[in-house]
Every structure is written in structure tokens, then in C-alpha cells.
Amino acid sequence: MDHTEIVEIGQTKSTERDLKDDCILYSSTISTIKDTIAKRLMEKAANIRKRVVLMISQTSSGHVGGCFSSTDLLTSLYFYKMRIDVKNPDWEDRDRFILSKGHAAPLLYSILIECGFLTEEDQYTLRNINSRLQGHPSMQITPGVDMTTGSLGMGLSAGCGMAIAAKLENKSNKIYVLLGDGELQEGQVWEAIMTASHFRLNNIIAIVDKNNLQSDSPVKSVSNTGDVATQFKSFNWNVLEINGHNFLEIMDALDTASNSIIKPTVIIANTRKGKGVSFMENNPKYHAISLTEQDTNNALTEIKPN
Amino acid sequence: MSSSENEIKNKNQEDSLRDAFGKTLTSLGDTHTDVVVIDADVSKSTKTSIFAEKFPQRFFNVGISEQDMVSIGAGLASCKKKPFVVAFASFLTLRGLDQIRNMVCYSNLDVKFVGTHAGLATGEDGATHQALEDISIMRSIPNMEVFSPSDAVEVVQIVKYLVRKKGPAYLRLPRTLGTTIHKTNYLFEPYKIEALNDLNDTNIVIFSTGMMVSKSIQAIEILKQKEIKIGLVNVHTIKPIDTDSITRILSHTKLIITIEDHNIVGGLGSSLAEIIAESNFRVRLLRLGINNNFGESGSVEQLYDKHGLTPEKIAEKILDISKNMELLKNNDKNETQQRIQERRHSC
């Protein structure tokens, strides 16, 4: 069904059709559109995974596992949801994104190149001296980076600051913050969770990349304190739980989250560290690693829209 | 170097520096609509409550969460707001240090930090609440400027400056009232030292900051009775420090005494040590302050007494060291210059 047909349906008088039929038609139309978008996002995500591999392989090391678990989430965010302007990275009304798990910088940079905030020349400069691609995102140095991160646990607080600023200016932009599940061990995260809840920062959407692994070991063997969803709910947040590699679920969650009226929203995304490359998936070895030529080539061969 | 055109006023008028901060910031709130104040549940003590009353929509008590408040400041600044992040000096600079460094200063964001209850001047709350290393810590972070006012008049001027200035800065305030030493028309010059008397007819100069400036004034009076002339410089901007002016003073000085309500490690004294050591001049330095100790409970006067920071004890220490250095025979610049020459030749 193409665009012209949709317009024609909309212009039909309601007396000529049953409204219920219209709704069914609309929602199936929308779901077809969303399927199409999901396919496009999948292709985009594969491209971005390839960029991440190439970027990390050219430098001493990188956090490839945690980049891959977040790739589908961030691809959806940037190419489906966020209101940004590549020609104007400082546009005041833009949606903001904070990579609180700052070590996934190669993922963010790959997306920024794919968007056009950065160029192909930047692709192979990760962690080089004098590079625009610092080891962890730096807002002063890299166009498209809304907040400097790297020291874990700070991003959500900064997001609260941005959310407050937006409300003071009566702006309707959203603030998206991506956290790791290991990162939730930092106490400051909970300070921010309290702040967002107390000040009714409904314009904050946090995303937890729940890949169940951290640097040394599985998250549950370091800190097993019950269910993340329940914890957020008890702080009075809206909680959505999704498969972080299902684009339809991601899109729906982002849409639902942006309609929140009072509470901030967290999307708890169940993911697999290293997703997209079979030998990296769920493999703690790939938390932070120097990619060998063999690994690089095998990964690039394997990565495809999935 | 700016020489204060006002006489040193050392009468007994005492004013609250915290009140001066709160009131001045509030008075600027109408014209500076980007100012937002964040407090950590101590606004009655920090006096941000004054701002909160007039501008409730721009005041946020984020609760007892210094890490959160600093990063919130970073977020606000990234959206063109001008946050003042205010809490007790000790908790703000220690608990919030990672955030101050890695979010605010590393990205040179326009966030102003105000730490109240600095120094032994905090009093009875005791060691955990007395910030004795905040100058040292803040000074060591790139992009951070450090201001330490000597009285309420100076606070007013500094706050007016901070509201106009962009970039990270730290303002250090005591809990106690402070003797007012400046006239209300005092011209504050940021990044310059302020000579409080004539430095040219002495070879002994005190460099002091904050609450110790008025103590230094009294110490100098005591020594004046013994016909000993001591110069006095108020260092209200500790970073970036006025190296050029200080170096010029070194050229005709034999002894420098630094006095601060702060650890002698890393603060004003260490700043002077750096300048002296890197200069061409051989000048003796005596650092007075808290001698690498923690504080404790007690009244402010008792604490100052215990740590040798009363005018009498300060005067005594200066007298001692000056005698040892044989500086007092004439307190004469010419003779000292001759000795400097002799020492240079014998080295």
C-alpha cells in the first residue's frame, strides 16, 4: 500500500465507511510501514556493526561487546526516533542523547558518521592522538556528542539537568540516556533516578542495555539484588521491558515512552553482549579487546542484517 | 597589581559572607535569567534559600546528593543555563570531585561551584565538615578558577563577576561572620592580588586569603607596636594566581608568610612556594595554616587558637622567624639588598 492510497483513505467521508474498518486498516498500514522501517534499521545496524569492527580493529583496543549489545537500540533511536539536525548539531530544540556507558564510544561514533555529524575521514582515527574520536565521548571535541562521559554513573544526572533546562524553556525535546546494567552499581545512578522521579522529568527516557555481563564477570555474580524492572518501578518510573534486538519492540517502546506525561520512563532492553557476531556473543572476552586481523575478518564476513 | 585605595578598615563590623552571597545572587536573578541554583538540602545554611524564595522555579534542592547535583549542573550548562551548584565545601569538592573533573572541567562547562563552611571557621560540627583541602583540590583541576574572599564586600563583587564570567569556578565561603575590611565602593579586580598596605618599605610580606586576612591585619598591628613593618597582600583569586605581581614583590622581599584557614599542603602556601621556587629570587617562605592535620570540634576562636591562627600567635611566629633570619636589625631594604648580593656571590 503506498502513500497515495493512504491519503485517499483519509479523505473518504466517514459515513461511507465503518470507523472500525478504518482503524483496522490504519493499524495494519502502520504495521506494514513499521515492518519496512524495521528492515531498513536492520540494514543500518549491520552497517554500523561493521563500522565498529573496523574502527576498533585500527586501534589498540575497544569495547566491542558492549557496543554490539547496544547497536540495535541506538540505531533505532537515531534513525527512527530522535529529532536532530545534522547541519546544526547545536540546534537548541533537538533531542539529546547521553551515552552514559561511555565506553561504547565506537558505537556512538559509528552512528555519528552514518548520520553525517562526522565524516569518513574520522572512521579510522579512534583513540589516536589529536583525534576527534577520543576513547570516551567528549562534547567539546566531537560534533554530535551532547555530553561528555566515560566515568560511569553520571549520564542520567546530566540528563536530569538537560530535562530541567527543557522544562524551564517550555521546550518539548526529549532526553535519551543509555546505561549499562553493570553501571547501575554506581550509586549516583540511583541519585539521578530519584531526581528524575521527584521532579517529574517525563521528558527523560532511560535505556538500560541489560546484557548481563560486566568487565570482570556476569553482573549477577558481582551484584545480585533482584529485578531491575522492580527496582525502577519502586522509584516511581514507567518501566518497559523489551527484547533489545527486536526493532519493532524497540520502536514501540520509544513511542510509548515519548508519550509519558508525568513519570520518566526506562526501557529495560534484554540484550546479548557481542550480538551480531557468533563468536563474540555473550563472550566476556570481548568486553574490551584488541581485535586481531582474524577476528576482524571473521566478524566482517558474519555481520549481516538479522 | 592593584593597591587598595581604601585604608584597611579593621573596626569591629562583622558581616555574613554567606548572606552576601545569597543576597547578591538573588539581586542578579532578574537580569540574569539563565542563572539556576542547585542545592544539596542545605539551603538554609548556604543561604540559597534567599534565591529560592524569589525564584522558586529556578531553584532545585536535589537532596543529599552531591554527585548528582554536579552532573545536573553539567547538563544545565550544556543547555545554555548558568547553574550555581552550592553545598558544604567539604562534600561538594570531595564527594562531587569526579563529576567536577570529568564532566564540568574537562568540558569547560559554565558551572559555578560555591562551597560554604570552609576551613576551621566551620566550628563545632567538627572534622568531617571542615574543608581543609578544598583549595588544594580545586586548584589542581584544569579550567577551574578558585576564589577565596576576605569579607562580605568582596563576596558581593566576586558573585557579580562570576555571574558574568563563563567557565568553571569555585567560590569558597566560611560559615562564620567575617570582619569587614573593604569599603562598599571597593573595586574588585579578578586575577590580581590586592595590596592592603604599602609593600615598598618592608622586606617581610604576608600573603593571606579568606578569614585569615583580617587576622593578618591584627597581627600586623601587634608588630607595628614593636616598630616592625610587615606588608600585607590579599589573595582573593588563588587560581589563576597573579604570578607577575607576586614575582615583582619577591624582588624586594626576604621573607614571605602565607596564612590560610586551610591545610598548608596544596593551598595558598603551596601556590606561593611554586612561584618562589621558579623565580630568580631566593626568598624564605613560612606557611601558616592547618599543619597537615584534621580539624575537630570547638568554637572557631578555640580552634584558631589551637592551630596558631590568632593575631597574637601569628605575630609571635613572624617575630621568631624574622629574628632568626636577622631581618629585624633595621628592617631596612637597602641593607637587605646588600645581603642578597653577598649571598648570591657566596653561593
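Values below: all heavy atoms of this structure, side chains included; hydrogens, waters and symmetry mates excluded. Lettering of chains follows the sequences in order, A, B, ..., and the numbering in each one begins at 1.
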Would you say [X] has more than 12 foreign heavy atoms packed within less than 6.0 Å of its [atom1]?
X       : atom1 : result
R95(B)  : CZ    : no
R94(A)  : CZ    : yes
Y191(B) : OH    : yes
K160(B) : NZ    : no

- Start with the C-alpha gap between K80(B) and E169(A), add the side-chain angles, then the distance that decides, and say whether salt bridge (Lys or Arg N to Asp or Glu O under 4.0 Å) holds. CA-CA 11 Å; K80(B) 307 249 176 23; E169(A) 297 291 309; over 6 Å; no

Would you name the heavy atoms of [X] and [Y] that are closest together and state the gap between them?
X       : Y       : answer
N61(B)  : F199(A) : O-CZ, 3.5 Å
M147(A) : A74(B)  : CE-O, 3.6 Å
I72(B)  : S157(A) : CG1-O, 3.4 Å
L109(B) : M139(A) : CD2-CE, 3.9 Å
S151(A) : N102(B) : CB-ND2, 3.9 Å

- Check whether any side-chain heavy atom of M154(A) sits under 4.5 Å from a side-chain heavy atom of D98(B), and report yes or no. yes

- Query: Considering only heavy atoms from C-beta outward, does the side chain of V36(B) approach that of L168(A) to under 4.5 Å?
  - Reply: yes

To the nearest 0.5 Å, what is the distance between [atom1] on [X] and [atom2] on [Y]?
X       : Y       : atom1 : atom2 : result
Q140(A) : N108(B) : CD    : CG    : 5.5 Å
E92(A)  : C79(B)  : CD    : SG    : 9.0 Å
Y106(B) : I141(A) : OH    : CD1   : 4.0 Å

- Okay, I175(A) and chain B: the region with an atom under 4.5 Å from a heavy atom over there is neither

- Task: Determine the option with the most heavy-atom pairs under 4.5 angstrom with chain A, choosing from R101(B), Q57(B), K81(B), Q99(B).
- Result: Q99(B)

- Task: Could you verify whether a donor N or O on one side chain and an acceptor N or O on the other, from E186(A) and Q67(B), lie under 3.5 Å apart?
- Result: no

- Most heavy-atom pairs under 4.5 Å with chain B, out of M194(A), R96(A), Q188(A), K171(A), belong to Q188(A)

